*Asks:* 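One structure follows; several queries about it will come next.
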Amino acid sequence: MENLNALIDGFGAILTPGNLLIALIGVTIGTAVGMLPGLGTAMAIALLLPITYGMEPTQAFIMFGGIFYGGMYGGSTTAILLNTPGQSSSVVTVLEGYKMARNGRGGQALATAAIGSFVAGTIATVALVFVTPITVQFAIGLGAPEYFAIMMLALIATASVLGSSRIRGFASLLFGLVIGTIGIDAVTGQQRLTYGVPELANGIDIVVVAVGAFAVGEALWTAARRRNGKDEIVPVGRVWMGRSDWRRSWGPWLRGSALGFPFGAVPAGGAEVPTFLSYVTERRLSKHKDEFGNGAIEGVAGPEAANNASAAGTLVPMLALGLPCNATAAVMLAAFQTYGIQPGPLLFEKESALVWTLIAGLFVGNAMLLVLNMPLIPMWVKLLRIPKPYLFAGILFFASMGAYATSGQAFELYILLALGLAGLAMRRFGIPMLPMIVGVILGPMAERQARMSLQLSGGDLSGLIGGPVAWTVYAVVAVIALWPLVSLARRRAMKGREAVAA
């Protein structure tokens, strides 16, 4: 009841003309950014970070939450109409959504994606209301060794799961840890990796890192591989669903919601895995198996629901533990830090009004998105006709202005360009971006927890082990780290048995 009362107070705060307008701006920007291939919600929030410095923290996070949910909505439109997912989490939607559009059922595909996103977003946000406080109660009893172990799990899981290989994932993580080390050591007062450059003494601002990696790097990469000619946009038609479409969609919506939320709440879970699992599940359960591969509506409804449910799931560890599970959550965590707010167990105690207003804003933004998406999709599609050179030029302009605004020094622009080129190179060689961002944010935090643990134990390394929670987490870390060796040993043993049998 206490949580429900706090949520009601949050609705009281969000249902004011000013906050409703900010929520509307957020979901509108999020939908637009999600629809434009090559962009992303992480980049949009990173670009807006400097602009929101003059806003109240509550209003800024209402906008960021709207952008987060809106981006998930918008990504399905390009997947269905252009055969190009606007977000990586919309990749599975392409399989059936584009086929439906080519068969003249683009309106039905867009409708089931929009309504499924609303249903899943609502269910997952309700789960967020009840799961997050429980996670907070668990986290309050943790000490420095346990936090260090959990952060190590987040770092290693993120680097291991993402990317085409673990080597690339750990390379990205190491790069982020190095960036996070730059500056003055808070304990010893010694400068680290500054090489005599006074502007680096305070470290590299996380806003500059986020803007450089996501905005500049993504713009350069998308522009570099932009093919000549125009994309073929399939006509939308009337956005509606018939009785048969409703009957075939409600089950996938619920199953997708059940799959997406828990995957979003685990480190490096993301939306890609549950959307794929949802597609496989619906293909097995469907009574219309012959339509899969030719435009089955279940193949759009389930993955889109899983996609949006995972978005709410990623907010659980970010708010309760201060751990980002995807790129957008990492940038939102950086936004909290720029306001001097540290997400974690004490966030619900120190910033209760902000948190519950943010969660209430997610409910409101989710409803706004349904209203925006259903009748206005034909208008949104016109965004896809914006000339890409103008779009990229605008991104680079706002990225430069945002980086300069962090300190008012031209040196930040050099750092921005260097990070943008690094982001371009990482995309060129298939190195994932999220481990780098997570390393920049969690690296210094993990270092601080490790030092606290060692201080409590008088410098004894056993102080890092902690209690049962830390032991369990380290066991999971060991499984993640050693699993490739176990798999390799099993494959060799199987080959050996096959050779003997032959």
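Computed from a prediction, not measured in an experiment: that's the story for all the values here.
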*Asks:* Does a side-chain heavy-atom distance below 4.5 Å link M436 with V209?
*Replies:* yes
*Asks:* Ignoring hydrogens, what is the shortest heavy-atom contact between A301 and W253? Give both atom names and the distance.
*Replies:* CB-NE1, 3.5 Å
*Asks:* Run the side-chain donor-acceptor check on residues 122-136: report pairs under 3.5 Å with partners two or more places apart or on a different chain.
*Replies:*
unit_1	atom_1	unit_2	atom_2	d
T122	OG1	F118	O	2.8
T122	OG1	N366	ND2	3.0
T125	OG1	Y69	OH	2.8
T125	OG1	G121	O	2.5
T132	OG1	L128	O	2.8
T135	OG1	V131	O	3.0

*Asks:* Judged by atom type as modelled, is there a donor-acceptor pair below 3.5 Å linking the side chain of R284 to the main-chain atoms of V280?
*Replies:* no
*Asks:* Taking atom CD1 of I29 and atom CG of L24, what is their separation to the nearest 0.5 Å?
*Replies:* 10.0 Å
*Asks:* Do M368 and L20 have side chains that approach each other closer than 4.5 Å (heavy atoms only, starting at C-beta)?
*Replies:* yes
*Asks:* So, taking the atom named CH2 in W356 and the one named CD1 in I8, what distance separates them when rounded to the nearest 0.5 Å?
*Replies:* 11.0 Å
*Asks:* Which donor-acceptor pairs under 3.5 Å do side chains of residues 333-348 form with protein atoms, sequence neighbours excluded?
*Replies:*
unit_1	atom_1	unit_2	atom_2	d
T338	OG1	A335	O	2.6
Y339	OH	T52	O	2.5

*Asks:* Please find the pair of heavy atoms, one from N308 and one from A120, that lie closest to each other, and give the distance.
*Replies:* CB-CB, 4.4 Å
*Asks:* Dump the intermediate steps for side-chain contact (heavy atoms from CB on, under 4.5 Å) on M100 and I80, then the final yes or no.
*Replies:* CA-CA 8 Å; M100 288 185 67; I80 293 169; 5.9 Å; no
*Asks:* May I ask you to decide if P432's main-chain N or O and S172's side chain share a donor-acceptor pair within less than 3.5 Å?
*Replies:* yes
*Asks:* Locate the shortest heavy-atom distance separating N19 from A13; write the atom from each residue and the value.
*Replies:* ND2-O, 2.7 Å
*Asks:* Between the main-chain N or O of G242 and the side-chain N or O of D245, is there a donor-acceptor pair closer than 3.5 Å?
*Replies:* yes
*Asks:* Got a sec, which residues hit salt bridge (Lys or Arg N to Asp or Glu O under 4.0 Å) with E447, two or more places apart in sequence or on another chain?
*Replies:* R192, R451
*Asks:* Can you list everything that forms a side-chain contact (heavy atoms from CB on, under 4.5 Å) with L396? Sequence neighbours excluded, please.
*Replies:* V216, A219
*Asks:* For the atom pair CG (L419) and CZ (F175), what is the distance rounded to the nearest 0.5 Å?
*Replies:* 6.0 Å
*Asks:* Show every ring pair (Phe, Tyr, Trp, His ring centres under 6.0 Å) that has at least one partner inside residues 3-24, sequence neighbours left out.
*Replies:* F11-F363
*Asks:* Please name the pair of heavy atoms, one in I156 and one in V477, separated by the smallest distance, quoted to 0.1 Å.
*Replies:* CD1-CG1, 3.4 Å
*Asks:* For L285, enumerate each residue passing the side-chain contact (heavy atoms from CB on, under 4.5 Å) test, keeping only those at least two apart in sequence or located in another chain.
*Replies:* R255, T281
*Asks:* Determine whether T314 and T328 satisfy the following criterion, side-chain contact (heavy atoms from CB on, under 4.5 Å), listing intermediate values before the conclusion.
*Replies:* CA-CA 9 Å; T314 60; T328 306; over 6 Å; no
*Asks:* Looking at residues at least two apart in the chain, or sitting in another chain, which of them share a side-chain contact (heavy atoms from CB on, under 4.5 Å) with V371?
*Replies:* none
*Asks:* Mind checking what makes ring-ring contact (aromatic ring centres under 6.0 Å, His included) contact with F261, not counting sequence neighbours?
*Replies:* none
*Asks:* Is there a side-chain contact between V331 and F64, using heavy atoms and a 4.5 Å cut-off?
*Replies:* no
*Asks:* Nearest heavy-atom pair of I437 and A213: which atoms, and what distance?
*Replies:* CD1-CB, 4.2 Å
*Asks:* Determine whether L315 and L358 make a side-chain contact, defined as any pair of heavy atoms from C-beta on separated by less than 4.5 Å.
*Replies:* no
*Asks:* Can you confirm whether I62 sits close enough to T357 that some side-chain heavy atom of one is under 4.5 Å from a side-chain heavy atom of the other?
*Replies:* yes
*Asks:* We want to know whether S249 and T112 form a side-chain donor-acceptor pair, criterion being a heavy-atom distance below 3.5 angstrom.
*Replies:* yes
*Asks:* Who passes ring-ring contact (aromatic ring centres under 6.0 Å, His included) against W471, sequence neighbours left out?
*Replies:* none
*Asks:* Let me check something: any side-chain donor-acceptor pairs from residues 140-149 under 3.5 Å, sequence neighbours excluded? List them with distances.
*Replies:*
unit_1	atom_1	unit_2	atom_2	d
E146	OE1	G143	N	3.0
E146	OE2	G467	N	3.0
Y147	OH	A139	O	3.4

*Asks:* Between E298 and S286, which heavy-atom pair has the shortest distance, and what is it?
*Replies:* OE2-OG, 3.5 Å
*Asks:* Once side-chain contact (heavy atoms from CB on, under 4.5 Å) is applied, do any residues pair with R243, and if so which ones, sequence neighbours excluded?
*Replies:* R247
*Asks:* Drop me the distance from N307's CG to S278's OG, to the nearest 0.5 angstrom.
*Replies:* 10.0 Å
*Asks:* For the pair M332 and I45, evaluate side-chain contact (heavy atoms from CB on, under 4.5 Å) and give the outcome as yes or no after the intermediate values.
*Replies:* CA-CA 7 Å; M332 288 184 70; I45 295 176; 3.9 Å; yes
*Asks:* Give, for atom CG of L110 and atom CD of Q108, the distance between the pair rounded to the nearest 0.5 Å.
*Replies:* 9.5 Å
*Asks:* Please enumerate all residues that pass salt bridge (Lys or Arg N to Asp or Glu O under 4.0 Å) together with E96, with sequence neighbours excluded.
*Replies:* none
*Asks:* Please report the interatomic distance CD1(I14) to CG(L7), rounded to the nearest 0.5 Å.
*Replies:* 11.5 Å
